[in-house]
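Please read the structure below before turning to the comments.
Since this is a predicted model, take the numbers as computed values, not measurements.
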Amino acid sequence: MRIVVLAGGIGGARFLRGLLSAVPDAEITVIGNTGDDIHLFGLKVCPDLDTVMYTLGGGINEDQGWGRTDESFTVKEELAAYGVGPSWFGLGDRDFATHIVRTQMIDAGYPLSAVTEALCDRWQPGVRLLPMSDDRVETHVAVNDPETGERRVIHFQEYWVKLRASLDAEAVVPVGAEQAKPAPGVLEAIAAADVILFPPSNPVVSIGTILAVPGIREAVAEAAAPVVGLSPIVGGSPVRGMADKVLAAVGVESTASAVALHYGSGLLDGWLVDTSDADAVETVTAAGIACRAVPLMMTGTDATAAMARAALELAEQAR
């Protein structure tokens, strides 16, 4: 079975671990969000790609869901001693090594897709990990400055990590997406897939950013494979993070049914909601999307594997 998964960071990575457990013999291609990428200290940092790579390769800090296990922060402390920022984005010493290797390879002329493949040679994540694009795309967020009242646009990482989404997002813009091209292998993987899955990743700044790259949304919509998504909203709240903030910026309510309708029947063939949101099944089904209510809390690999199996069963029914 050939499965394509559009994935963001922590939620996408943990879902993939369950998917690998559920179907260990499947050929899985992951199209990773690069809109969260940021340049820090002269280095290119790819948080979502690295979270998938570390999680599936056994190097993730399980408590945080991001960054390396057994991490130290000597370099960060020394940078702070020199007065070099930003101090709000904490890169550990082990993590720094990944970004140094990536940046050296990019500076030598290798595209991000080739660099990601090389990094994965070490981690052996058990999936083919592709960036959505080799071109530079960065998600920015428009906010109203509480001190001046003026609108300003900041990098998504500043909004998410530094400000903790404490300000209302007025708009979310994937800068550079319109000019970007899908990375090599992305469109081919979608066309050849037996199943396409949207894990419970952020529908705006993760999966939404991937779909913003010209050609990817069209490829998913036109694919022969059924497309099934899992709701990142459970009981009216995001399972993790602050997805409600960016959903509001695009005019979408934080409900399981509203997110399904945001994607639409033009993309989705099936949608899983949590059992606590069983009342959404009728609304989603009426919109032309097959829908089932199952437990959607990723409390461990077994629970996540059960979610993955439910998604694959729904895909089979939606063929």
Can you label the angle between the F156 ring and the Y159 ring as parallel, tilted or perpendicular, going by 30° and 60°? tilted

CG-CH2 distance between L129 and W123, expressed to the nearest 0.5 angstrom: 13.5 Å

Keeping Q157 on the side-chain end and D36 on the backbone end, is there a donor-acceptor pair under 3.5 Å? yes

I need the minimum non-hydrogen distance between Q64 and R14, along with the two atoms involved. C-NH2, 4.5 Å

Here the gap from L267 atom CG to R217 atom CZ, rounded to the nearest 0.5 Å, amounts to 5.0 Å

Before giving the answer on side-chain hydrogen bond (donor to acceptor under 3.5 Å, both in side chains), spell out for Y54 and D95 the whole-Å C-alpha distance, their side-chain angles and the decisive distance to 0.1 Å. CA-CA 10 Å; Y54 293 157; D95 204 21; 2.8 Å; yes

Main-chain N/O of I100 paired to T103 side chain as donor or acceptor, under 3.5 Å: no

Quick one: do N144 and L167 satisfy side-chain contact (heavy atoms from CB on, under 4.5 Å)? Show the steps, please. CA-CA 8 Å; N144 287 323; L167 303 177; over 6 Å; no

Would you say the side-chain atoms of E282 pair up with the backbone N or O of D279, donor to acceptor, closer than 3.5 Å? no

Distance, nearest 0.5 Å, that separates SG of C46 from CD1 of I106: 6.0 Å

State, with a plain yes or no, whether a side-chain heavy atom of V195 is found less than 4.5 Å away from one of V228. no

Any chain of hydrophobic side-chain contacts (each under 4.5 Å) joining L312 to V227? no

Within a radius of less than 6.0 Å around CD of E178, do more than 12 heavy atoms belonging to other residues, nucleotides or ligands occur? no

Starting from V5, can I reach L49 by hopping between I/L/V/M/F/W/Y residues whose side chains sit under 4.5 Å apart? yes

Under a 4.0 Å threshold between the charged nitrogen and the carboxylate oxygen, would K76 count as salt-bridged to E78? no

So, for T51 and G65, which heavy atoms are closest and what is the spacing to 0.1 Å? CG2-O, 3.4 Å

To the nearest 0.5 Å, how far apart are SG in C291 and CG in D277? 9.5 Å

Would you indicate whether the side-chain heavy atoms of M53 and T98 approach each other to under 4.5 Å? yes

side-chain contact (heavy atoms from CB on, under 4.5 Å) assessment of L314 paired with D269: CA-CA 9 Å; L314 186 58; D269 297 298; over 6 Å; no

Closest non-hydrogen contact found for S257 with A280 is CB-CB, 3.9 Å

Applying salt bridge (Lys or Arg N to Asp or Glu O under 4.0 Å) to E150 and R152, what does each step give before you reach the verdict? CA-CA 6 Å; E150 297 180 353; R152 64 188 182 100; over 6 Å; no

Got L19 and L16 here, is their nearest side-chain heavy-atom distance under 4.5 Å? yes

Side chains of K181 and P214, heavy atoms from C-beta outward: is any pair under 4.5 Å? no

Of all heavy-atom pairs linking W160 and A243, the shortest is CH2-N, 3.8 Å

Quick check: is L187 connected to L211 through a chain of hydrophobic side chains (ILVMFWY, heavy atoms under 4.5 Å apart)? yes

More than 12 heavy atoms of other residues, nucleotides or ligands under 6.0 Å from CZ of F41: yes or no? yes

Would a distance-only check, ignoring hydrogens and angles, find a side-chain to backbone donor-acceptor pair under 3.5 Å from R94 to D70? yes

Would a 4.5 Å heavy-atom cut-off, applied to side chains only, mark V4 and I28 as touching? no

Taking C-beta and beyond as the side chain, do D274 and S231 meet within less than 4.5 Å on heavy atoms? no

Looking only at heavy atoms, what is the nearest atom pair of M132 and T209, with distance? CE-CG2, 3.8 Å

Does D93 pair with R68 as a salt bridge, N-O distance under 4.0 Å? no

Starting from L119, can I reach V30 by hopping between I/L/V/M/F/W/Y residues whose side chains sit under 4.5 Å apart? yes

side-chain contact (heavy atoms from CB on, under 4.5 Å) assessment of I60 paired with T69: CA-CA 5 Å; I60 198 73; T69 188; over 6 Å; no

Using a cut-off of 6.0 Å, state whether more than 12 heavy atoms not belonging to E71 lie near its atom CD. yes

P232 and side-chain contact (heavy atoms from CB on, under 4.5 Å): which single residue from P238, S201, P203 fits? P203

In the single-linkage hydrophobic clustering (I, L, V, M, F, W, Y; side-chain heavy atoms under 4.5 Å), do M105 and L112 co-cluster? yes

Rounded distance (nearest 0.5 Å) linking atom CZ of R128 with atom CD of E27: 8.5 Å

What I'd like to find out is whether the side chain of R151 reaches to under 4.5 Å of the side chain of E170, using heavy atoms alone. yes

Here the gap from W88 atom CH2 to E158 atom CD, rounded to the nearest 0.5 Å, amounts to 5.5 Å

Does D37 pair with K44 as a salt bridge, N-O distance under 4.0 Å? yes

Please report the shortest heavy-atom distance between W271 and A256, naming the atom on each side. NE1-O, 3.0 Å

Under a 4.0 Å N-O cut-off, is there an ion pair linking E117 with R122? no

Quick one, H155 with I38, criterion side-chain contact (heavy atoms from CB on, under 4.5 Å). Give me CA distance, side-chain angles, the key distance, then yes/no. CA-CA 8 Å; H155 193 287; I38 188 170; 3.8 Å; yes

Does the distance from a Lys or Arg side-chain N to an Asp or Glu carboxylate O, for D168 and K245, drop under 4.0 Å? yes

Check whether any side-chain heavy atom of I207 sits under 4.5 Å from a side-chain heavy atom of N202, and report yes or no. no

